[in-house]
Amino acid sequence: QVQLKESGGGSVLPGGSLKLSCAASGYTYDDYGGHCMGWFRQAPEREREGVAAIYSGDSFADYADSVKGRFTVSRDNANNMLYLQMNGLKPEDTALYYCAAGRWCGRGGLLAAREYTWWGQGTQVNISS
């Protein structure tokens with residue numbers, strides 16, 4: 001059974017940084033292609049959106065335009081961890097952030113929720129002054 005557990009959320013001032021972590025159990029992310037892990041977020045009264053994701057075959061990473069240059073997704077295969085380093089945080093980044101994992105993912109659709117099978121419960125990020 002695959003389980004994903006996020007941590008690292010919190011409240012910070014605009015311009016601050018946070019690093020989210022996702023611990024995966026029962027899921028092996030390997031480098032043989034087709035696997036993907038990503039971060040999604042959902043703010044109140046808004047649809048869930050893909051933020052950043054990474055593809056196993058070539059470690060290609062994709063980002064939403066709104067976070068490019070500020071967020072960095074990374075993974076630690078040995079420890080089955082996924083991370084999201086968030087810098088230059090803005091109030092509009094406030095949301096519940098989810099970790100997701102999938103197999104047989106399309107490299108061109110990493111930010112689409114349909115590519116993912118397993119989801120964590122989320123960790124809250126609040127950005128305000």
Side-chain angles (χ1 to χ4, degrees):
Q1 182 180 359
V2 176
Q3 291 188 326
L4 303 174
K5 177 65 176 175
E6 304 93 339
S7 62
S11 297
V12 298
L13 296 172
S17 298
L18 282 172
K19 185 174 184 177
L20 305 184
S21 299
C22 173
S25 59
Y27 176 82
T28 301
Y29 182 95
D30 61 45
D31 288 322
Y32 295 102
H35 290 203
C36 58
M37 293 191 76
W39 292 95
F40 289 73
R41 67 186 181 187
Q42 187 166 19
E45 301 181 357
R46 297 191 67 177
E47 293 187 357
R48 187 175 298 190
E49 64 170 338
V51 175
I54 193 164
Y55 180 73
S56 65
D58 55 4
S59 296
F60 169 74
D62 200 9
Y63 297 89
D65 288 343
S66 59
V67 306
K68 282 180 181 176
R70 301 189 297 123
F71 290 11
T72 303
V73 62
S74 61
R75 57 183 172 89
D76 177 352
N77 286 0
N79 293 298
N80 260 352
M81 296 290 295
L82 183 74
Y83 302 101
L84 184 67
Q85 177 67 47
M86 305 187 295
N87 299 325
L89 285 162
K90 304 175 181 180
E92 51 263 43
D93 294 318
T94 294
L96 186 62
Y97 283 71
Y98 298 91
C99 174
R103 287 198 178 114
W104 314 119
C105 306
R107 187 179 182 275
L110 296 180
L111 298 182
R114 66 177 180 273
E115 298 291 337
Y116 297 85
T117 302
W118 300 282
W119 295 81
Q121 295 298 306
T123 184
Q124 183 66 40
V125 172
N126 294 313
I127 313 301
S128 69
S129 55

Asks: Once rounded to the nearest 0.5 Å, what's the spacing between atom CG of Leu110 and atom SG of Cys105?
Replies: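 These two atoms lie 7.0 Å from each other.
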
Asks: Looking at CG of Leu82 and OG of Ser74, how far apart are the two atoms once the value is rounded to the nearest 0.5 Å?
Replies: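 With rounding to 0.5 Å, CG (Leu82) is 7.0 Å from OG (Ser74).
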
Asks: Which atom names give the shortest non-hydrogen contact between Cys99 and Leu4, and what distance separates them?
Replies: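 What the structure gives for the nearest pair is O-CD1, 3.7 Å.
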
Asks: Indicate whether the side chain of Arg75 and that of Ser56 have a donor and an acceptor atom separated by less than 3.5 Å.
Replies: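 No - no donor-acceptor pair under 3.5 Å links their side chains.
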
Asks: When the ring planes of Tyr97 and Phe71 are compared, do they come out parallel, tilted or perpendicular, using 30° and 60° as the limits?
Replies: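 Tilted.
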
Asks: Could I get the full list of salt bridge (charged side-chain N to carboxylate O under 4.0 Å, His left out) partners for Arg70, not counting sequence neighbours?
Replies: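 Checked Arg70 against salt bridge (charged side-chain N to carboxylate O under 4.0 Å, His left out); matches are Asp93.
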
Asks: Step by step, work out the side chain to side chain contact (heavy atoms under 4.5 Å, CB included) result for Arg41 and Leu20.
Replies: CA-CA 12 Å; Arg41 67 186 181 187; Leu20 305 184; over 6 Å; no

Asks: Check whether any side-chain heavy atom of Pro91 lies under 4.5 Å from a side-chain heavy atom of Pro14, and answer yes or no.
Replies: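 Side-chain contact under 4.5 Å: yes.
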
Asks: With a 4.5 Å limit on heavy-atom distance, are the side chains of Gln124 and Thr94 in contact?
Replies: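 Result yes, sub-4.5 Å side-chain heavy-atom pair found.
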
Asks: Taking all non-hydrogen atoms of both residues, which atom of Thr123 and which atom of Gly9 are closest, and how far apart?
Replies: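 So the two residues come closest at OG1-N, 3.1 Å.
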
Asks: For the backbone of Glu6 and the side chain of Gln121, can you confirm whether one donor and one acceptor N or O come within less than 3.5 Å of each other?
Replies: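 No.
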
Asks: Under 4.5 Å between any side-chain heavy atoms of Gln1 and Trp118, yes or no?
Replies: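 No, their side chains stay 4.5 Å or more apart.
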
Asks: Return yes if a side-chain donor-acceptor contact under 3.5 Å exists between Ser17 and Asn87, otherwise no.
Replies: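 Side chains of Ser17 and Asn87: pair found under 3.5 Å.
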
Asks: Not counting sequence neighbours, which residues clear side chain to side chain contact (heavy atoms under 4.5 Å, CB included) with Ser21? List them please.
Replies: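 For Ser21, the residues satisfying side chain to side chain contact (heavy atoms under 4.5 Å, CB included) (neighbours in sequence not counted) are Ser7, Met81, Tyr83.
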
Asks: Atom CE in Met37, atom CG in Asn80: separation rounded to 0.5 Å?
Replies: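 The CE atom of Met37 sits 7.0 Å away from the CG atom of Asn80.
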
Asks: Let's go through Trp39 and Met86 carefully: what are the C-alpha distance in whole Å and the side-chain angles of both, what is the deciding distance for side chain to side chain contact (heavy atoms under 4.5 Å, CB included) to 0.1 Å, and is it a yes or a no?
Replies: CA-CA 11 Å; Trp39 292 95; Met86 305 187 295; over 6 Å; no

Asks: Look only at the side chain of Glu115 and the backbone of Gly106, and say whether a donor-acceptor pair between them is shorter than 3.5 Å.
Replies: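 Between the backbone of Gly106 and the side chain of Glu115 there is a qualifying donor-acceptor contact (under 3.5 Å).
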
Asks: What distance do Thr72 atom OG1 and Lys19 atom NZ have between them, rounded to the nearest 0.5 Å?
Replies: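 Going from OG1 on Thr72 over to NZ on Lys19, the span is 10.0 Å.
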
Asks: One pair to check against side chain to side chain contact (heavy atoms under 4.5 Å, CB included): Tyr63 and Leu111. What are the steps and the verdict?
Replies: CA-CA 8 Å; Tyr63 297 89; Leu111 298 182; 5.7 Å; no

Asks: As an exercise, state the distance from OH of Tyr55 to CG of Asp62, rounded to the nearest 0.5 Å.
Replies: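 Reported to 0.5 Å precision, the distance equals 13.0 Å.
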
Asks: Who else is in the cluster with Leu13 when I, L, V, M, F, W and Y are joined by side-chain contacts under 4.5 Å?
Replies: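 Noted: Leu13 shares its cluster with no other residue.
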
Asks: Can you establish whether the number of heavy atoms outside Gln42 located under 6.0 Å from its atom CD is more than 12?
Replies: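 Yes, the 6.0 Å shell around CD holds more than 12 heavy atoms from other groups.
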
Asks: Calculate, to the nearest 0.5 Å, the distance between atoms SG and CG belonging to Cys22 and Asp76 respectively.
Replies: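 So the SG of Cys22 and the CG of Asp76 are separated by 12.0 Å.
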
Asks: Return the orientation label for the Tyr27 and His35 ring planes: parallel under 30°, perpendicular over 60°, tilted otherwise.
Replies: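 Tyr27 and His35: tilted rings.
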
Asks: Within the supplied structure, the quantity of interest is the number of heavy atoms (other residues, nucleotides, ligands) at a distance under 6.0 Å from Glu47 CD; does it exceed 12?
Replies: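 Result for CD/Glu47: open.
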
